[in-house]
Amino acid sequence: MAASGATNDEMMDIGGAELDNNKNEKMFTLKKWNAVAMWSWDVECDTCAICRVQVMDACLRCQGDGNRQAGGKQPECVVVWGECNHSFHHCCMSQWTQQNKRCPLCQKEWSIQRMGK
Amino acid sequence: MSTPARRRLMRDFKKLQEDPPSGVSGAPTDNNIMLWHAIIFGPHDTPFEDGTFKLTIEFSEEYPNKPPTVRFLSKMFHPNVYADGGICLDILQNRWSPTYDVSAILTSIQSLLSDPNPNSPANSMAAQLYKENRREYEKRVKACVEQSWAD
C-alpha cells in the first residue's frame with residue numbers, strides 16, 4: 001500500500017531518503033534494470049517449407065558433411081522468391097522444379113520473381 | 001551416413017515429438033530412419049472409431065521430392081485401401097508436394113478414414129457397400145476395428 005502512492009522520483013530515490021515514518025517508507029526500490037531486445041529477419045516466409053531450415057541459412061543439402069569446412073554455405077545457396085511471393089532455398093526449389101513446375105505451397109505455376117541473400 | 005533425406009526425416013521426427021498431431025503417432029524403426037512405423041487411431045464418430053491401425057512408411061533418398069510408400073499393416077476395409085494395405089490417396093501420388101512431412105501424411109490418411117472417396121476405389125466391394133449399403137459397410141469396418149486390437 002505504501003508504494004502505490006509514491007511518485008517515480010520517490011521510487012528512484014535510493015540513498016538519500018530521510019525516512020519519514022509514514023509517508024516515505026518504501027516497499028521496494030528499483031536497483032537494476034536489464035533491457036532485452038528481440039530481432040528477426042524481415043522476410044515473409046522465414047523457413048524453407050521444403051527442407052525446414054531458415055531461408056537465410058544454408059539448406060539441408062548444403063549443410064552436408066562435405067561442405068562444412070566451407071562455412072556450410074555454398075555461394076549458390078540463395079533465397080528465391082516466386083511470383084506468388086513464396087520463398088525457398090534456390091537449391092531446394094531447383095530440385096523440385098525438375099519434376100514439377102508448380103509452387104509446392106500454393107500450386108500456382110512457378111516463375112522466379114527475384115533471387116538474393 | 002547422413003544425406004539430405006535423412007536429415008529432413010530427423011527434422012520430421014523432432015517436429016512430430018514437439019508438436020504431436022492428435023490421433024496419430026509415428027517413429028523411425030530402431031536402426032533405419034528410412035523405415036517408419038506409425039499408428040492411426042480411428043477418428044471419432046466414424047465406424048473406424050476405437051481402431052488402432054498400424055502402418056509402415058518407407059522413404060527413398062529422393063524424399064521430400066518424392067513421396068514415401070505408405071502401407072497399412074492392419075487389415076483394412078476402406079474404399080481407398082487395397083487388399084495389400086496400399087493406399088490410394090492423391091497427395092501420396094500425383095498431388096505430392098515436398099512441403100509435406102510425416103505429420104501431414106498421417107493426418108491426411110486419418111481424414112481419408114473419415115471421408116472415403118468411393119469414386120476412385122481401391123476396394124470395389126468397400127466402395128459399393130459405402131454407397132449402397134452403409135449398414136453392411138459399417139459392420140465390415142467394425143470387424144477390422146476389433147481385429148486391429150489384436151495385431
Side-chain angles (χ1 to χ4, degrees), chain A residues 43-112, chain B residues 1-21 24-28 32-34 36 38 57-70 89-109 111-112 117 120:
Chain A
V43 286
E44 277 181 32
C45 178
D46 59 354
T47 300
C48 174
I50 299 178
C51 73
R52 314 274 164 161
V53 177
Q54 291 229 331
V55 284
M56 296 300 174
D57 289 337
C59 74
L60 267 192
R61 193 166 294 269
C62 290
Q63 285 180 15
D65 300 324
N67 300 323
R68 217 161 261 158
Q69 59 271 47
K73 186 131 175 159
Q74 299 295 289
E76 62 271 27
C77 191
V78 294
V79 191
V80 62
W81 284 265
E83 288 296 343
C84 55
N85 275 326
H86 288 128
S87 57
F88 306 92
H89 290 112
H90 180 53
C91 305
C92 299
M93 204 50 197
S94 55
Q95 292 271 330
W96 172 245
T97 48
Q98 281 174 23
Q99 62 183 78
N100 191 323
K101 301 263 187 290
R102 291 182 180 279
C103 171
L105 283 173
C106 63
Q107 312 298 329
K108 288 194 187 126
E109 196 169 323
W110 178 256
S111 69
I112 292 175
Chain B
M1 185 187 66
S2 172
T3 62
R6 287 160 199 266
R7 290 197 290 275
R8 171 56 142 70
L9 284 166
M10 284 302 293
R11 280 172 188 259
D12 285 18
F13 187 38
K14 200 172 155 211
K15 185 186 155 194
L16 206 58
Q17 287 178 310
E18 286 172 357
D19 183 20
V24 303
S25 89
N32 184 6
I33 197 167
M34 307 300 278
W36 289 45
I57 316 175
E58 203 177 346
F59 299 89
S60 73
E61 290 290 352
E62 288 171 288
Y63 180 77
N65 287 309
K66 291 277 163 66
T69 306
V70 189
L89 179 60
D90 56 357
I91 67 139
L92 292 177
Q93 277 109 30
N94 53 343
R95 296 288 304 272
W96 171 255
S97 160
T99 61
Y100 296 150
D101 57 10
V102 176
S103 175
I105 292 166
L106 290 175
T107 47
S108 298
I109 296 171
S111 82
L112 184 69
N117 176 9
S120 69

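Small disclaimer: the values here were computed from a predicted structure and weren't measured. Protein chains get the first letters and strands the later ones, always in sequence-line order, with residue 1 at the start of each.
Contact count against chain A (heavy-atom pairs under 4.5 Å) is highest for K66(B) among K15(B), K66(B), R95(B).
Residues passing the side chain to side chain contact (heavy atoms under 4.5 Å, CB included) test with S97(B) are P104(A), Q107(A), T99(B), Y100(B), sequence neighbours excluded. In this structure W110(A) satisfies the ring-ring contact (aromatic ring centres under 6.0 Å, His included) test together with F88(A), sequence neighbours excluded.
When heavy atoms are compared at a cutoff of 4.5 Å, Q99(A) approaches chain B solely by way of its side chain, counted from C-beta outward.
Taking 4.5 Å as the limit, every side-chain heavy atom of R8(B) sits out of range of all side-chain heavy atoms of I50(A).
Scanning both residues, L60(A) and R7(B), for their nearest heavy atoms gives O-NH2, 2.5 Å. Counting all heavy atoms, side chain and backbone alike, W96(B) lies closest to W96(A) at O-CH2, 3.4 Å.
Side-chain atoms of R61(A) do not come within 3.5 Å of backbone N or O of P4(B) as any donor-acceptor pair.
At a threshold of 4.0 Å, the pair R52(A)-D12(B) does not count as salt-bridged, since none of the basic side-chain nitrogens sits closer than that to a carboxylate oxygen.
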